[in-house]
Amino acid sequence: MREEIFMKMAVDIALENVLTNRGGPFGAVIVRNGHLISIGRNQVTAKNDPTAHAEVEAIRAACKYLNRYQLTGCELYTSCEPCPMCLGAIYWARLKYIYYAGTSQDAAQAGFEDQYIYHQFTLPKQKRSIPMIHIPTDNTYEPFNAWSHQPHKKGY
């Protein structure tokens, strides 16, 4: 089955990442029409970048390769259920399917607590662990108004 081949590839990337001390135990591949488009591996510690998750790295590489900012028609195979940040990126990229091997519970057992972030989203803003403070200014809406009236804008 083709899905199992790509899933095994994502898991193998995750394992290689750990064994070569490149980063965390996560790997991802993006496929379009049965063809491999990109790979991603967790690079958080290697790049000192908290957004360098395997899924995000694979999305960035696929967008660059395809020269577009949406990945409609593409599928993501990832070694573990995506975290909240990656899930947001997946939706913005408009991927067609998400296939995953490990679960968020498996990741939690290995020390990756995605549930903490998911829980923060359910709380009112004033009760979240990182304060969110709304400070509107007299020019707050100018960028939105300019965007709304931009005749050549590209929606996303």
Would you find a donor on one side and an acceptor on the other, under 3.5 Å apart, between the side chain of R41 and the backbone of N17? no
Shortest non-hydrogen contact from I37 toward V31: CG1-C, 4.1 Å
Any donor-acceptor N/O pair, H149 side chain to N145 backbone, under 3.5 Å: yes
Would you find a donor on one side and an acceptor on the other, under 3.5 Å apart, between the side chain of S104 and the backbone of E81? no
Less than 4.5 Å apart, any side-chain heavy atom of L71 and any of R94? no
d(R60 CZ, I30 CD1) to nearest 0.5 Å is 11.5 Å
Taking atom CG of L76 and atom CD1 of I59, what is their separation to the nearest 0.5 Å? 6.5 Å
What distance do I133 atom CD1 and Q126 atom CD have between them, rounded to the nearest 0.5 Å? 11.5 Å
Rounded to the nearest 0.5 Å, what separates atom CG in D12 from atom CD1 in I39? 11.5 Å
Separation between CG of D114 and CE of M85, rounded to the nearest 0.5 Å: 9.5 Å
I would like to know whether H134 and K125 meet side-chain contact (heavy atoms from CB on, under 4.5 Å); could you show each step before the answer? CA-CA 10 Å; H134 182 214; K125 290 175 189 161; over 6 Å; no
Q120 (side chain) donor-acceptor with S129 (main chain) under 3.5 angstrom: yes
Looking at E113 and A108, what are the two nearest heavy atoms and their distance? OE2-CB, 3.5 Å
Exam field: side chain K153 to backbone S148, donor-acceptor pair closer than 3.5 Å: yes
Is there a side-chain contact between Y100 and C80 in this structure, where contact means two heavy atoms from C-beta onward sitting under 4.5 Å apart? no
Closest approach of A14 and G27, non-hydrogen atoms and distance? CB-N, 3.4 Å
Give, for atom CG of N33 and atom CD of E75, the distance between the pair rounded to the nearest 0.5 Å. 8.5 Å
So, do N42 and P25 sit near enough that their side-chain heavy atoms are less than 4.5 Å apart? no
Taking all heavy atoms of I117 and all of P84, pick out the closest pair and write down the distance. CG2-CG, 3.7 Å
Before you tell me yes or no, could you show the steps for M1 and M7 under side-chain contact (heavy atoms from CB on, under 4.5 Å), namely the whole-Å CA-CA distance, both residues' side-chain angles and the distance that decides it to 0.1 Å? CA-CA 10 Å; M1 178 182 235; M7 185 58 69; over 6 Å; no
Does Y118 share a hydrophobic cluster with I90, counting links as ILVMFWY side-chain heavy atoms below 4.5 Å and allowing steps through other members? yes
same_hphob_cluster(F26, L19) at 4.5 Å side-chain heavy-atom cutoff: no
Distance-only donor-acceptor pairs under 3.5 Å for side chains of residues 61-69, two or more places apart:
from	atom 1	to	atom 2	distance (Å)
R68	NE	Q70	O	3.1
R68	NH2	T72	O	3.2
Y69	OH	G155	O	3.0

Between A89 and V56, what is the shortest heavy-atom contact and its length? CB-CG2, 4.2 Å
Angle class for the F144/Y141 ring planes (parallel below 30°, perpendicular above 60°, tilted otherwise)? tilted
Is there a chain of hydrophobic side chains (I, L, V, M, F, W, Y, each step under 4.5 Å between heavy atoms) that links L123 to F121? no
Flag side-chain contact, heavy atom, 4.5 Å: T122 against H119: yes
Between I98 and L87, does the side-chain contact (heavy atoms from CB on, under 4.5 Å) criterion hold? Intermediate values first, please. CA-CA 9 Å; I98 305 168; L87 197 54; 3.8 Å; yes
So Y156 and W147, would you call those rings parallel, tilted or perpendicular, with 30° and 60° as cut-offs? perpendicular
Evaluate the ring pair (Phe, Tyr, Trp, His ring centres under 6.0 Å) criterion for residues Y97 and Y77: first the C-alpha distance (whole Å), next the side-chain angles of each, then the deciding distance (0.1 Å), finally the verdict. CA-CA 8 Å; Y97 289 103; Y77 294 81; 9.3 Å; no
Are the side chains of L15 and V11 in contact, using a 4.5 Å heavy-atom criterion? no
CZ (F112) with more than 12 external heavy atoms under 6.0 Å: yes
Taking the side chain as C-beta and beyond, is there a heavy-atom pair between C74 and K96 under 4.5 Å? no
List the atom of P82, the atom of E55, and the distance in Å for their closest heavy-atom pair. CA-OE2, 3.8 Å
